[in-house]
Amino acid sequence: MVLCALSTQLLRSSSCCALMARLPTSGRRRCCLYSSTQGFNQEEIRQKLRAFPGGSVDLLKQDSGVAVLTVNNPARMNAFSGSMMVDLEEKVSQLENWTEGKGLVVRGAAETFCSGSDLNAVRAISSPQDGMKMCMFMQDALTRLLRLPLVSVALVEGRALGGGAELTTACDFRLMATGSVIQFVHKHMGLVPGWGGAARLVHIVGSQNALKLLGGAVKVDPERGLDVGLADGVLEADEDTPGASTPVQQAEDWLRRYTEGPVPVIQAVKKVVLAGRELPLLEALRMEKEVFGTVWGAPANLQALASKSKHK
Ligand SMILES: CCCC(=O)SCCNC(=O)CCNC(=O)[C@H](O)C(C)(C)COP(=O)(O)OP(=O)(O)OC[C@H]1O[C@@H](n2cnc3c(N)ncnc32)[C@H](O)[C@@H]1OP(=O)(O)O
């Protein structure tokens with residue numbers, strides 16, 4: 001419910017967002033960024049996108065409370081077909097309703113992240129109207145991905161290009177494997193980001209760095225990623241050691257420092273950070289109070305008090 005309240009506040013505080021929608025399938029409130037007055041009819045867009053099939057977006061929810069979301073279209077370097085965009089939105093809905101969740105790893109299949117939108121689909125829907133509809137659909141899905149009450153990390157192996165680079169910015173953290181590249185190639189395609197990637201990139205690396213990365217379509221390798229603050233860590237390749245952990249296991253290990261602990265506390269941490277990131281100060285403070293109220297005197301708090309824990 002706090003998440004719904006946060007979403008409501010986020011909508012109120014944003015002039016471009018005006019709609020609170022009810023999801024009949026889940027019975028739980030969730031928000032769309034755009035409304036019908038802005039030409040956003042989600043079901044109509046879904047149907048259009050489904051006309052461009054191929055690949056899938058797969059979700060594995062684990063008992064540990066950490067899920068793995070895999071962009072799966074290896075024949076096209078994990079480019080997003082239309083049906084994969086619909087898949088993504090559906091998987092985000094499932095995660096919005098995952099009450100036991102704490103963390104999320106977002107990755108690509110076959111050791112590469114994602115090469116953006118499927119250029120075959122892009123060519124077929126190249127009219128400005130259709131492009132805007134796809135843009136609204138993906139902005140909505142990726143904004144909701146970032147707003148999940150889960151701590152998320154993009155595991156970047158191989159290439160994250162165009163929309164793939166934008167997808168990395170819809171996670172709280174980015175881990176880059178040795179040899180990987182994040183590149184906002186939009187300029188070379190005569191485009192700018194349209195999936196919310198520019199707005200998020202400015203938040204992550206600041207406007208100067210964002211201008212350099214977008215304006216120069218710069219290839220960001222792990223070293224540069226750490227330098228500008230786009231990457232939060234680098235995963236070393238360890239193929240030669242028998243029994244070495246896989247990149248997904250390494251990402252889960254890395255994430256554990258943030259996901260260890262009771263679900264309500266981890267979710268509360270994400271919610272207060274989200275409020276601070278997206279709301280004006282007074283609203284963020286009010287939201288922090290609301291979230292605080294859900295953990296104060298709750299089982300994890302009482303247990304910690306009873307154990308007289310010291311923080312040495
Ligand atoms: C708002 C969203 C904006 C966007 O996302 S626009 C799209 C931006 N992305 C791109 O322009 C990526 C274009 N692709 C490339 O640069 C290269 O294919 C890439 C990813 C560097 C990989 O190069 P290589 O390792 O040499 O492999 P390759 O070119 O032979 O690719 C293997 C097969 O994958 C296909 N592929 C890669 N990216 C694709 C895409 N985005 N849409 C559709 N198909 C794509 C490529 O055509 C090739 O297929 P095929 O084997 O020739 O049938």
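Index from 1, following the sequence. Read the numbers this way: they start at 1 and go in the same order the structure lists the ligands and their atoms. These figures come from a predicted structure and were not determined experimentally.
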- Are Trp195 and Phe137 close enough that their ring centers fall under 6.0 Å?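 No - the distance between ring centres of Trp195 and Phe137 does not fall below the 6.0 Å cut-off.
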- What are the two closest non-hydrogen atoms of Lys219 and Arg224, and how far apart are they? O-CD, 4.2 Å
- Task: Just grab all the salt bridge (Lys or Arg N to Asp or Glu O under 4.0 Å) pairs involving residues 53-76, residues at least two apart or on different chains.
- Result: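 Salt bridge (Lys or Arg N to Asp or Glu O under 4.0 Å) check on residues 53-76 returns Arg76-Asp118.
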Do [Y] and [X] meet the salt-bridge criterion of a basic N to acidic O distance under 4.0 Å?
X	Y	value
Glu260	Lys102	no
Asp253	Arg256	yes
Arg46	Glu43	yes

- Query: For ligand 1, what is the set of protein residues having any non-hydrogen atom at a distance below 4.0 Å?
  - Reply: Ala75, Arg76, Met77, Ala79, Ser115, Gly116, Ser117, Asp118, Leu119, Arg159, Leu161, Gly162, Gly163, Glu166, Val185, His186, Met189, Trp195
